[in-house]
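Because the structure is predicted, anything quoted here is derived from the model rather than measured.
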Amino acid sequence: MKSSVKIYDSAAETSLKLADDIIRRIVASATSEKPFSIALSGGSTPELLYSMLFGEMADSVPWDFVHLYWGDERCVPAGSADSNYGLVHKYLRDDTGLPAANIHRMKGEEEPAAEAIRYSGELSSTLLLRNGVPVIDLILLGMGDDGHTASIFPDQIGFFNSDNFCEVATHPVTGQKRITLTGKVINNAEAVVFLITGKKKAEIIRQILRGDPESITYPASHVKPVYGSLDFYLDNEAVGML
């Protein structure tokens, strides 16, 4: 596993540099006439990235080659303010030319267990497989204040060892149901990128990057792509304790 840590002055610069890198990867894939798959994350942190990638920088992207997936989804309708799909749709320009068939959303409005099974099948039928597991070119992840990533929370860390491609998670505080990719898919990706900004997560980042023994309690520390790369895009506040 190749790993790197990239640190920038602000959340805005961090998002811009990541947007540039994502576009570079897409263009390289399109030049070889290969589709490029991205699994997107939710929460407030990637919102600035999406406003750049799907908005002001969209003209630089050969969208015909892009397939959008999601790393997790809250079990709410697509029009809900809590929807991870809805967050992306908010910034996705109508004139990008991204084919509707290339948007592979988790359907949060469906019965969770059934949707986890359906989405697992969609991953298998639309992506290349490696050792029987779907391969996503780039998985974008965030990290919560408790060290969770995607919707794998500390009390459900066993999802990293699940034989399934998707599981139904339960938020430990709100009880909200969520659908999440498991470690089997996350760690089979060609590239995994963490986008983390803000000082609230600095202590957890320090523990994970230093490999402290206590870091194993954080789901984010279990992201270790077997065949691909792992990159951390951080702002200065997120590395304040390094």
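- A salt bridge does not link Asp231 with Lys2: none of the charged nitrogens is closer than 4.0 Å to a carboxylate oxygen.
- Under a 3.5 Å cut-off, the side chain of Thr217 and the backbone N or O of Glu214 do form a donor-acceptor pair.
- Atom CG in Asp21 sits 11.5 Å away from atom CG in Leu16 (nearest 0.5 Å).
- Side-chain atoms of Ser41 do not come within 3.5 Å of backbone N or O of Leu141 as any donor-acceptor pair.
- Ala12 and Leu48 make their closest contact through CA-CD2, 3.4 Å (heavy atoms, listed as atom of the first residue, atom of the second, distance).
- For Lys6, the NZ atom sits in a packed shell: over 12 heavy atoms of surrounding residues, nucleotides or ligands are nearer than 6.0 Å.
- At a threshold of 4.5 Å between non-hydrogen side-chain atoms, the residues His89 and Ile103 do not count as touching.
- Checked by atom type, the side-chain pair Ser162/Glu167 shows a donor-acceptor distance below 3.5 Å.
- Inter-residue side-chain proximity for Val27 and Pro62 is flagged as met; some heavy-atom pair is nearer than 4.5 Å.
- With contacts defined as side-chain heavy-atom distances shorter than 4.5 Å, the pair Ile136/Ile38 does not qualify.
- A salt bridge links Arg93 with Asp59: the distance from a Lys NZ or Arg NE/NH1/NH2 to an Asp or Glu carboxylate oxygen falls below 4.0 Å.
- By the 4.0 Å N-to-carboxylate-O rule, Lys107 lies too far from Glu111 to be salt-bridged with it.
- Using modelled atom types, one side-chain atom of Ser221 and one backbone atom of Tyr218 make a donor-acceptor pair closer than 3.5 Å.
- A donor-acceptor pair is defined here as one N or O able to donate and one able to accept, closer than 3.5 Å; no such pair exists between the side chain of Arg178 and the backbone of Asp72.
- One finds the NE2 atom of His104 at 11.5 Å from the CG atom of Leu40 (value rounded to the nearest 0.5 Å).
- In this structure a side-chain-to-backbone donor-acceptor pair under 3.5 Å is present from His171 to Thr174.
- With rounding to the nearest 0.5 Å, the separation of CG in Asn102 from CZ in Phe36 is 13.5 Å.
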Determine, step by step, whether Val88 and Phe54 satisfy the side chain to side chain contact (heavy atoms under 4.5 Å, CB included) criterion, reporting the C-alpha distance in whole Å, the side-chain angles of both residues, the deciding distance to 0.1 Å, and the verdict.
CA-CA 8 Å; Val88 173; Phe54 300 120; 3.7 Å; yes
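- Contact annotation: the side chain of Leu234 never approaches that of Tyr8 to less than 4.5 Å [non-hydrogen atoms, C-beta and beyond].
- Linking ILVMFWY side-chain heavy atoms closer than 4.5 Å, directly or via other members, places Phe194 and Ile7 in a single hydrophobic cluster.
- Taking both residues in full, the closest heavy atoms of Pro46 and Leu87 are given as CG-CD2, 4.4 Å, listed atom of the first, atom of the second, then distance.
- The environment of Leu129 atom CG is dense: over 12 non-hydrogen atoms of other residues, nucleotides or ligands sit within 6.0 angstrom.
- Between the side chains of Glu73 and Tyr119, no donor-acceptor pair is found at a separation under 3.5 Å.
- A side-chain N or O of Ser37 and one of Asp137 form a donor-acceptor pair less than 3.5 Å apart.
- A continuous path of ILVMFWY side-chain contacts below 4.5 Å connects Met143 to Val239, so both sit in one hydrophobic cluster.
- Counting all heavy atoms, side chain and backbone alike, Ser60 lies closest to Ile23 at O-CG2, 3.7 Å.
- Residues Tyr85 and Leu68 form no side-chain contact, since every pair of their non-hydrogen atoms from C-beta on lies 4.5 Å or further apart.
- Annotation for Thr182 and Asn164: closest pair OG1-O, 2.6 Å, computed over non-hydrogen atoms.
- Rounded to the nearest 0.5 Å, atoms CG (Leu209) and OG (Ser3) are 7.5 Å apart.
- For Gln176 (side chain) and Cys75 (main-chain N/O), no donor-acceptor pair under 3.5 Å exists by modelled atom type.
- Expressed to the nearest 0.5 Å, how far CD1 of Ile179 lies from CZ of Arg74 amounts to 12.5 Å.
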Determine, stepwise, if the pair Lys17 / Ile22 fulfils side chain to side chain contact (heavy atoms under 4.5 Å, CB included).
CA-CA 9 Å; Lys17 295 296 185 181; Ile22 291 173; over 6 Å; no
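- A salt bridge does not link Glu237 with Lys201: every distance from a Lys NZ or Arg NE/NH1/NH2 to an Asp or Glu carboxylate oxygen is 4.0 Å or more.
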Test side chain to side chain contact (heavy atoms under 4.5 Å, CB included) on Val61 and Val66; report intermediate values, then the result.
CA-CA 9 Å; Val61 181; Val66 178; 4.0 Å; yes
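- Of the possible donor and acceptor atoms, none in the side chain of Trp70 sits under 3.5 Å from a partner among the backbone N and O of Gly42.
- His222 places a side-chain N or O within donor-acceptor distance of the main-chain N or O of Ile216, the cut-off being under 3.5 Å.
- Closest heavy-atom contact between Leu127 and Pro134: CD1-CB, 3.9 Å.
- A side-chain N or O of Thr170 and one of Lys177 form a donor-acceptor pair less than 3.5 Å apart.
- With hydrophobic clusters built from ILVMFWY side chains whose heavy atoms lie under 4.5 angstrom apart, Phe65 does not share a cluster with Leu98.
- Criterion: ILVMFWY side-chain heavy atoms under 4.5 Å apart, direct or through other members. Under it, Val135 and Leu138 are not part of a common hydrophobic cluster.
- Judged by distance alone, the side chain of Ser83 and the main-chain N or O of Gly79 form no donor-acceptor pair under 3.5 Å.
- Salt bridge annotation for Glu190-Arg130: present, with a cationic side-chain nitrogen under 4.0 angstrom from a carboxylate oxygen.
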Stepwise side chain to side chain contact (heavy atoms under 4.5 Å, CB included) test for Thr126 and His67:
CA-CA 9 Å; Thr126 58; His67 285 256; 5.8 Å; no
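- Taking 4.5 Å as the limit, some side-chain heavy atom of Phe160 sits within range of a side-chain heavy atom of Val223.
- For the pair Leu123 and Tyr69, the minimum side-chain heavy-atom distance is below 4.5 Å.
- Phe165 and Val168 end up in different hydrophobic clusters when Ile, Leu, Val, Met, Phe, Trp and Tyr side chains are linked at under 4.5 Å.
- Residue Val192 comes nearest to Pro225 through the heavy atom pair CG2-CG, 3.6 Å, listed as atom of the first residue, atom of the second, then distance.
- At least one donor-acceptor pair under 3.5 Å links the side chain of Asp235 to the backbone N or O of Ala238.
- Rounding to the nearest 0.5 Å gives a distance of 11.0 Å between OH of Tyr233 and OG of Ser15.
- The closest side-chain heavy-atom distance from Ile139 to Val193 is not below 4.5 Å.
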